[in-house]
Amino acid sequence: MKNKIARILSDTIRDCISRGLLPEINLPGGIEVEVPGNPEHGDYASNIAMISAAQVKQNPRKIAAVIEANLVDPGNILEKTQIAGPGFINFYIKNSVWQNTLQIIQEKNEEYGRLDIGGAQKVQVEFVSANPTGPLHIGHARGAVVGDVVANLLKNAGYAVDKEYYINDAGNQMNNLGKSVLYRYRELFGEKIEFPENCYRGDYIKDIAGDIMKKEGNKYLISDEEATIRYFTGVAGGVILEGIKDDLRDFGVFFDNYFSERELYKDDGVAELLDSLQKQGFIYSDGETLWFKTTMYNDEKDRVVVRKNGDPTYFAADIAYHKNKYARGYKMIVDIWGADHHGYMPRLWSGIQALGQDKSSLKIILVQLVNLLRAGEPVAMSTRSGEFVTLREVLDEVGKDAARYNFLMRRSDSHLDFDLEVAKKQSNENPVYYVQYAHARICSILKMAEERGIALPEYKDIDPALLREQEEINLMKMMAKYPEMIEGAARTLEPHRITFYLNELAGIFHSYYNKNKVISENEKLTAARLFLLRTVLIVFRNALNILGVGAPEKM
RNA sequence: GCGCCCAUGGCUCAGCUGGAUAGAGCGCCAGACUACGAAUCUGGAUGUCGCAAGUUCGAAUCUUGCUGGGCGCACCA
């Protein structure tokens, strides 16, 4: 609809210029059309006259008047227009236009809101990517949902999206994992162990050690320690990764690919890449270590890629990883990180630019940490001691839908309070139920109609002009806005816009429901309203589907 | 010390990339079921958009400076 108004304006202006009514106007930014905050200012408004006023040095209201008098509206969608304030042109859309969108929604059904701004371009969204040294905790959960929904949004917008989990399984943290298991294993045979600072203490380590003891006995007490650690690392990493996958599955998060960091080192891949970057002058040696000239691309300082001891850094692997991503044909790459990694951004952007890629092709979404509460009181968490609330515990306690919805209610880069007591409360403090309840309520009404022998109407069976209550018009306008909202969310990679939209839509519906009977003696009105509800249902489902939140028929 | 992010009613947050009188939810107060689901609805109070300049027709939004909070500043990942 916004686009239609913009087209009317651009056609009109071109027409006026060619007829000499307006001077030549340049509009590099295109034509802006927006929804005014105040409904008295119409359904849409444009500031075009004010924008061009400065350029052609004329009174904006005068320009607006010329435009308004010569509007080209072939679709005949305008009820009226007005010029207001310093030079706004306000547009009022005919009710019949909103009523017609019902037909579009019904016809498109689950396609309603689907876009093709992506042009089937290959996009990769990489997220979670926790190294498999322990179960996912609440902090990972937010990133998991944001990544999942961003991927859904892009898919819905017409991109060819793959979701990937990068397994950091090559660093010495994994080695510490193997060591931790070994120490617990020895403890099981009665040895007293001073547990080192950098080892993992969670109970899951003991379980893994216990399993190894049960299956393979005591043979690792005497074998070569380094080999044993390597072996235990593999076993533990595998077990933990499987657990992570299980948790993600129950959270509704699925990946197309799990990519192992170790893959990068095969056939000296990392070394060769560093070599070639050195030849191109991006990397230099100071005699002991290799440095990447990230300052070329506005990083604060150059960064080490190969340490004094000869080991490549995480950064070195990450350049190789992103090179690999581009080599797989992805035109746009979305990385989702914890906000505490923000300092790493200039480094990675330097890396991909050295690879010849455009900085804008790598989008990085920072997800702020979650502040976990229980009934308003902070829940103490410490990774070191192994005391943290796991994703599994959250799922068991509050359920998938409430957890996902709560993580999507704020912008990603804003801190989020997650209160376990509130999230599991089935009350008005918990927005997920507000939306789901609206959906269930509609299902219930449609079912009631069927039980009374009223067939669900099709568009051709109804007179949409009967839908003229204020709440009905509001519902139709809101639904007409759905594709625009989705497009905005997809372009900005901001999933929270959907939850805000859903809350508003549910609000309009609940209010409508309380004021008006859908099923009544008036057959024609009943049919029209039932049809309206069918379309509302479609919008709820499509939006909830993108969020990965259930749309229950009863609660 | 340097860099990034944040600051909007009592609380938690939106604000569509510069628009018109700044909005929701929670909490608080007062009301609405013999009516399609009261997990709902209706009405009410609450604001120097952290402070100060600047940019222009117009600023919560952009610039600069300050204040206060978070996070980074590794040859960790």
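Proteins get letters first, then strands, A, B, ... in listed order; numbering begins at 1 in each. What's counted below: heavy atoms across the whole structure, side chains too, no hydrogens, waters or symmetry copies.
When the C1' atom of B:C36 is taken as reference, atom NZ of A:K447 falls 12 Å away, rounded to whole Å. Spacing between atom CG of A:D340 and atom P of B:C5 amounts to 16 Å, rounded to whole angstrom units. Atom C1' of nucleotide B:C13 and atom CG of A:N371 are separated by 14 Å, given to the nearest angstrom. One atom, CG of A:L366, and another, C1' of B:G70, lie 13 Å apart when rounded to the nearest Å. As a whole-Å value, the separation of A:K554 NZ from B:U40 C1' is 20 Å. Put simply, CZ on A:R441 is 8 Å from P on B:A39, counting in whole angstrom units. Separating the OH atom of A:Y434 from the C1' atom of B:C26 is a distance of 13 Å, rounded to the nearest angstrom. Between A:R410 atom CZ and B:U8 atom P there is a gap of 13 Å when expressed in whole angstrom units.
A heavy-atom distance below 4.0 Å to RNA chain B is reached by these residues of residues 502-520 of chain A, ordered by number: A:H510, A:S511, A:Y513, A:N514, A:N516, A:K517, A:V518, A:I519.
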Output, in order, the C-alpha distance, side-chain angles, deciding distance and verdict of ring-ring contact (aromatic ring centres under 6.0 Å, His included) for A:Y297 and A:W349. CA-CA 8 Å; A:Y297 299 102; A:W349 270 320; over 10 Å; no
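By the 6.0 Å and 45° rule, A:K293 does not stack over the aromatic ring of A:F282. Cation-pi contact between A:R441 and A:Y513: present, with separation from the ring centre below 6.0 Å and deviation from the ring axis of at most 45°.
Between A:F315 and A:F292, the gap from one ring centroid to the other is short of 6.0 Å. Ring centroid separation for the pair A:F127 and A:Y165 does not come in under the 6.0 Å cut-off.
No donor-acceptor pair under 3.5 Å is formed between the side chain of A:S511 and the backbone N or O of A:G507. In this structure, A:D302 contributes its side chain and A:T295 its backbone to a donor-acceptor pair below 3.5 Å. Without hydrogens or angle criteria, A:E68 side chain to A:I89 main chain gives no donor-acceptor distance under 3.5 Å. When atom types are taken as modelled, the side chain of A:R541 and the backbone of A:A551 share no donor-acceptor pair closer than 3.5 angstrom.
Annotation: B:G50 and B:C16 have their P atoms spaced 15 Å apart (nearest Å). Of the C1' atoms belonging to B:C73 and B:C66, the separation is 23 Å, rounded to the nearest Å. The P atoms of B:G69 and B:A7 are separated by 16 Å, rounded to the nearest whole Å. Distance noted for atom C1' between B:U21 and B:G3: 40 Å (whole Å). Look at the C1' atom in both B:C29 and B:U17: the space between them is 39 Å, to the nearest Å. Remark: the separation of the P atoms in B:G10 and B:C49 is 13 Å, to the nearest Å. Nucleotides B:A30 and B:G47 have their C1' atoms positioned 24 Å apart, rounded to a whole Å. Taking atom P on both nucleotides, B:A53 is separated from B:C13 by 29 Å, rounded to a whole Å.
Note on A:A449: nothing from the nucleic acid sits closer than 4.0 angstrom, heavy atoms only. Note on A:E553: a base of the nucleic acid sits closer than 4.0 angstrom, heavy atoms only. Using a 4.0 Å heavy-atom cutoff across all strands shown, A:H341 reaches at least one base atom of the nucleic acid.
Residues A:W337 and A:V367 form no side-chain contact, since every pair of their non-hydrogen atoms from C-beta on lies 4.5 Å or further apart.
A side-chain donor-acceptor contact under 3.5 Å links A:S260 and A:D169. Side-chain atoms of A:Q436 and A:Y405 form no donor-acceptor pair, as typed in the model, at a separation below 3.5 Å.
Counted within 6.0 Å of CD on A:E451, heavy atoms from surrounding residues, nucleotides or ligands total more than 12; the atom is thus considered enclosed.
The side chain of A:E300 sits closest to B:C73 out of B:C36, B:C73, B:U12. With B:G37, B:A77, B:C4 as the choices, the nucleotide that has an atom nearest any side-chain atom of A:H342 turns out to be B:C4. In this structure, of B:G72, B:G37, B:C75, it is B:G37 that holds the atom nearest to the side chain of A:M448. Among the nucleotides B:U40, B:A74, B:U12, the one closest to the side chain of A:D417 is B:U12. Nearest to the side chain of A:M555, among B:G37, B:C13, B:A74, sits B:G37. Proximity note for A:N131 (side chain, C-beta onward) versus B:C13, B:C36, B:A77: the nearest is B:A77.
The aromatic rings of A:W98 and A:Y44 lie parallel to each other, their planes meeting at an angle below 30°, with 60° marking the opposite boundary.
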Pull out every protein N or O sitting under 3.5 Å from an N or O of nucleotides 15-21 of chain B, one pair per line with the distance.
{"from": "B:G15", "atom 1": "OP1", "to": "A:H496", "atom 2": "NE2", "distance (Å)": "3.2"}
{"from": "B:G15", "atom 1": "OP2", "to": "A:R411", "atom 2": "NH1", "distance (Å)": "3.4"}
{"from": "B:C16", "atom 1": "N4", "to": "A:V35", "atom 2": "O", "distance (Å)": "3.2"}
{"from": "B:G19", "atom 1": "OP2", "to": "A:E34", "atom 2": "OE1", "distance (Å)": "3.3"}
{"from": "B:G19", "atom 1": "N7", "to": "A:N47", "atom 2": "ND2", "distance (Å)": "2.9"}
{"from": "B:A20", "atom 1": "N6", "to": "A:N90", "atom 2": "OD1", "distance (Å)": "2.6"}
{"from": "B:A20", "atom 1": "N1", "to": "A:N90", "atom 2": "OD1", "distance (Å)": "3.4"}
{"from": "B:A20", "atom 1": "N1", "to": "A:N90", "atom 2": "ND2", "distance (Å)": "3.3"}

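Glycosidic conformation of B:U12 is anti; the angle lies outside 90° of 0.
When each of A:L369 and A:N172 is assigned the nucleotide of RNA chain B bearing its nearest heavy atom, the one mapping closer to the 5' terminus is A:L369.
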Which dot-bracket string describes RNA chain B (Watson-Crick N1-N3 plus N6-O4 or O6-N4, or G-U N1-O2 and O6-N3, all under 3.5 Å; [ ] crossing; | other strand)? (((((.(..((((.....[...)))).(((((.......))))).....(((((..]....)))))).)))))....
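In this model, the phosphate group of B:A14 is approached by a side-chain N or O of A:S414 to a distance below 4.0 Å at OP1 or OP2. Contact annotation: A:Y433 side-chain N/O to B:A39 OP1/OP2 distance is not under 4.0 Å.
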